[in-house]
J.: 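Handing you a structure now.
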Protein chains: 2
Amino acid sequence: MDVLQELEREVAVFARRVEGARQSWQRHQDLDRSAYLILLALANDGPLAVGQLANTFQLDISTISRQLAPIVDAGLVAKERGEIDKRQVRLSITPEGSAALEATRESRRQLYAELLADWSEADREHFLGLLKRFNERLLERQQLDR
Amino acid sequence: MDVLQELEREVAVFARRVEGARQSWQRHQDLDRSAYLILLALANDGPLAVGQLANTFQLDISTISRQLAPIVDAGLVAKERGEIDKRQVRLSITPEGSAALEATRESRRQLYAELLADWSEADREHFLGLLKRFNERLLERQQLDR
DNA sequence: CGACAACTATTGTATTATACAACTGTTTCA
DNA sequence: TGAAACAGTTGTATAATACAATAGTTGTCG
């Protein structure tokens, strides 16, 4: 059978399953997906504006704006008016945010350790590499399409 | 950096990107994701009941029931009362359904051909293999959790 | 054999994530 | 300096989902 066709199918299934997993694995104390990804982005790429986050995830600014509200309220992200450009907002992760991020990260890492318990290190690395490459492609494609 | 941690992150990103792609790539004449996956399941695994489909995707029966409505209306899936057990419903793909499935499949295959244009055949196969394995794991896990 | 528990599917209702549109305040530039 | 462009927020609509209530069917046990 055609590899592309199978791949396409497997990706569709993957999307469904991951979506399902998100719900059933969501532990109460952990950050939800949007908060987790936002904090990850802020932790990695320093302070960002709302629009930059929206661009990172290819989501509408309004969506990010709403997702931000609870995590700003919870004190995980600090929000200041931009100094140079007062339209912008400068979002940065707080120490509490970093702590929450680490906790969730560890909890998820644990999950993946169980999930991939019998995978060799080589397979894990290989999968990671290919997935990264695929993700980059997806991003490029989506940016073109906009 | 820890491979598991990176993998976990990459999967989260993947879920987001694929979700985004679903919206921007949805061509008008193509089947939507749920219809596509349902037809795929019916084409591969013969006639199924609503509950069996729900189990396949780890979704609530009510969700499948609703997703079924438009594709039954469109004549892509035939719906009969089960002969032995009249509570059940017997869903099977119709010739029109097969045609629609093939068209969407081809359209998606094309998309993946572009997306993975510069991947070697070996990489594609490798990615497919690892993804399949990961998907199986996810399913096992989710079934346990229910 | 008949009542009741268990099961299959549908429909009602609520929630969540998202986009688009309308609006406010800020900046840039002709 | 006024108009167009831009950043973000809030209002509104839609789609996908889960859970609850319900209807019809089956199976079992006293």
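Numbers restart at 1 for each chain; the letters A, B, ... are given by sequence-line order, proteins then strands.
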J.: Write down the distance between CZ (A:Arg87) and C1' (D:dC6), rounded to a whole number of angstrom.
T.: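 Spelled out: CZ on A:Arg87 to C1' on D:dC6 is 4 Å.
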J.: Check this for me: does the side-chain of B:Arg66 come within 3.5 Å of the base of C:dG12 through a donor and an acceptor?
T.: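 Checked by distance alone, the answer is yes.
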J.: Please work out if A:Ala69 contacts a base, only the sugar-phosphate, or nothing of the nucleic acid, heavy-atom cut-off 4.0 Å.
T.: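 The residue A:Ala69 makes no contact with any strand.
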J.: How close or far is atom C1' of C:dA19 from atom CD1 of A:Ile64, stated in whole angstroms?
T.: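 Rounded to whole Å, this separation is 12 Å.
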J.: Thinking salt bridges, do A:Glu83 and A:Arg90 make one under a 4.0 Å N-O criterion?
T.: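 Judged by the 4.0 Å cut-off on N to carboxylate O distance, A:Glu83 and A:Arg90 do not form a salt bridge.
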J.: Using OP1 and OP2 only, check whether a side-chain N or O of A:Thr63 sits under 4.0 Å from C:dA17.
T.: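 Negative; the distance criterion is not met.
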J.: Using a 4.0 Å heavy-atom cut-off across all strands, classify B:Ile84 as base, sugar-phosphate, or nothing.
T.: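 Touches sugar-phosphate only.
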J.: Look at the side chain of B:Arg137 and the backbone N and O of A:Leu115, then say whether any donor-acceptor pair between them is shorter than 3.5 Å.
T.: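 Yes; judged by distance alone, with no hydrogens or angles, the pair exists.
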J.: Among C:dA6, C:dA17, D:dG8, which nucleotide has an atom closest to any side-chain atom of A:Val50?
T.: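 Side chain of A:Val50 sits closest to D:dG8.
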J.: Side chain of A:Ser62, heavy atoms from C-beta onward: which of C:dT10, D:dC6, C:dA19 has the nearest atom to it?
T.: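 The listed nucleotide nearest to A:Ser62's side chain is C:dA19.
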J.: Let me know, please, whether A:Asp32 or B:Ser65 comes out on the 5' side of the other along DNA chain C by nearest nucleotide.
T.: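 By nearest-heavy-atom nucleotide position, the 5'-most residue is B:Ser65.
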J.: Looking at A:Arg90, I'd like to know whether one of its side-chain N or O atoms comes within less than 4.0 Å of OP1 or OP2 on D:dG8.
T.: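 The answer is no; no side-chain N or O of A:Arg90 sits under 4.0 Å from OP1 or OP2.
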J.: Under a 4.5 Å cut-off applied to non-hydrogen side-chain atoms, are B:Arg105 and A:Gln5 in contact?
T.: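 The answer is yes, as the side chains (C-beta and beyond) meet within the 4.5 Å cut-off.
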J.: Under 4.0 Å: is that the gap between some side-chain N or O of A:Gln67 and OP1 or OP2 of C:dT16?
T.: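 No, because none of the side-chain N or O atoms of A:Gln67 sits under 4.0 Å from OP1 or OP2 of C:dT16.
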J.: What nucleic acid atoms does B:Leu91 come within less than 4.0 Å of, heavy atoms only: base, sugar-phosphate, or nothing?
T.: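 Result for B:Leu91 = nothing.
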J.: Can you tell me the distance, in whole Å, between the CD1 atom of B:Ile38 and the P atom of C:dA9?
T.: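 For the pair B:Ile38 CD1 and C:dA9 P, the rounded distance is 13 Å.
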J.: Between A:Glu8 and B:Arg108, does any side-chain N to carboxylate O distance fall below 4.0 Å?
T.: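 Between B:Arg108 and A:Glu8 there is a salt bridge, with a charged N closer than 4.0 Å to a carboxylate O.
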J.: Across the strands shown, which category fits B:Arg33 at heavy-atom distances under 4.0 angstrom: base, sugar-phosphate, nothing?
T.: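 The residue B:Arg33 makes sugar-phosphate contact but no base contact.
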J.: Check for a donor-acceptor pair, side chain of B:Asn135 on one end and backbone N or O of A:Val13 on the other, with a separation under 3.5 Å.
T.: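 No: the side chain of B:Asn135 does not pair with the backbone of A:Val13.
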J.: Check whether any side-chain N or O of A:Asn44 sits under 3.5 Å from a backbone N or O of A:Leu40 as a donor-acceptor pair, and report yes or no.
T.: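 Checking the backbone N and O of A:Leu40 against the side chain of A:Asn44, a donor-acceptor pair under 3.5 Å is found.
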J.: Can you measure B:Leu53 atom CG to C:dA9 atom P for me and round it to whole angstrom units?
T.: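 Going from B:Leu53 (CG) to C:dA9 (P), I get 9 Å.
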J.: C:dT8 P sits how many Å from B:Leu48 CG, rounded?
T.: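 It is 14 Å, rounded to the nearest whole Å.
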J.: Let me know the distance between NZ of B:Lys86 and P of C:dT8, rounded to the nearest Å.
T.: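 It works out to 16 Å between those atoms.
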J.: Rounded to the nearest Å, what distance is computed from the CG atom of residue B:Asp85 to the C1' atom of nucleotide D:dT26?
T.: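 Rounded to the whole Å, the gap is 7 Å.
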J.: C:dT8, D:dG8, D:dT10: which one has an atom nearest the side-chain heavy atoms of A:Val89?
T.: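 Nearest nucleotide to the side chain: D:dG8.
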J.: Could you give the CG-to-P distance, from A:Leu59 to D:dG8, as a whole number of Å?
T.: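 So the two atoms are 14 Å apart, to the nearest Å.
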J.: Determine the contact category for A:Arg81: base if any of its heavy atoms lies under 4.0 Å from a base atom, sugar-phosphate if only primed atoms, P, OP1 or OP2 are that close, otherwise nothing.
T.: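 Result for A:Arg81 = nothing.
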